[in-house]
Amino acid sequence: MEARTAPHFSLTMKNDAKTAKIKQTLPSGGAFYLDVQCQRSGYDGPISLGVESSRSGWNLVNNVIAAKAAEVRMYVVPPADLAPGEMADLRVVGRGDQIGQGLSARMSTLVQLRTARPQT
């Protein structure tokens, strides 16, 4: 019997004291950025980043981690009709393609959560 792992990747938000927030507060019409890092295992192709949210209308700029690259600074523009004080959930998802096999992973913020709340 032989065990093999398929090519895959995982995504994390860069743990930086200046940007390690798991919540963002935006001025009206503002945008924010996320430094997204990937750990690759057998997959060196590009990774397209997108968002999953109960709120539609998010726009992303610079949302591809290039082939063989380890990170990207992705800019997130909220929906134009996002009301002041409105809260919205946002999950970053990466997608890649390995010889017709779709690969995907959600970004983890566990490191930031542990940094912000070490007692948890």
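A distance of 11.0 Å separates CD1 in Ile47 from OG in Ser104, rounded to the nearest 0.5 Å. To the nearest 0.5 Å, atoms OG1 (Thr12) and CD (Gln37) are separated by 5.0 Å. In this structure, the separation between OH on Tyr75 and CG on Leu34 is 10.5 Å, given to the nearest 0.5 Å. Rounded to the nearest 0.5 angstrom, Ser53 OG and Leu90 CG are separated by 5.5 Å.
Scanning for side chain to side chain contact (heavy atoms under 4.5 Å, CB included) contacts around Ala66 gives Ala69, with sequence neighbours left out. With sequence neighbours excluded, the residues forming a side chain to side chain donor-acceptor pair (under 3.5 Å) with Ser10 are Gln39, listed by chain and number. Among residues two or more places apart in sequence or in another chain, the salt bridge (charged side-chain N to carboxylate O under 4.0 Å, His left out) test is passed with Arg95 by none. For Asp44, the side chain to side chain contact (heavy atoms under 4.5 Å, CB included) partners are Arg40, Lys68, not counting sequence neighbours.
Residues Leu103 and Pro7 share a closest heavy-atom pair of CD2-O, 3.4 Å. Leu11 and Cys38 make their closest contact through CD2-CB, 3.7 Å (heavy atoms, listed as atom of the first residue, atom of the second, distance). Residue Gly30 comes nearest to Pro78 through the heavy atom pair O-CD, 3.0 Å, listed as atom of the first residue, atom of the second, then distance.
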Begin from the C-alpha positions of Val92 and Arg106 and carry the test side chain to side chain contact (heavy atoms under 4.5 Å, CB included) through to its verdict. CA-CA 6 Å; Val92 175; Arg106 282 187 175 176; over 6 Å; no
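For the pair Met107/Met13, a side-chain contact is recorded, criterion being any heavy-atom separation below 4.5 Å from C-beta on. A 4.5 Å side-chain heavy-atom check between Val61 and Met74 finds every atom pair outside the cut-off.
Under the ring-ring contact (aromatic ring centres under 6.0 Å, His included) criterion, the residue pairs touching residues 37-68 are Phe9-Tyr43, with sequence neighbours excluded. Among residues at least two apart or in separate chains, side-chain hydrogen bond (donor to acceptor under 3.5 Å, both in side chains) pairs with a member in residues 84-94 are Ser54-Asp89, Arg55-Glu86, Asp89-Arg91.
Checking Val72, Val64, Val93, Val76 one by one against Leu49, the side-chain contact (heavy atoms from CB on, under 4.5 Å) holds for a single residue, Val72.
Remark: side-chain polar atoms of Asn62 are paired, donor with acceptor, to backbone N or O of Arg73 under 3.5 angstrom.
Phe32 and Val36 fall within the same hydrophobic cluster, defined by Ile, Leu, Val, Met, Phe, Trp and Tyr side-chain heavy atoms under 4.5 Å apart, directly or through other members.
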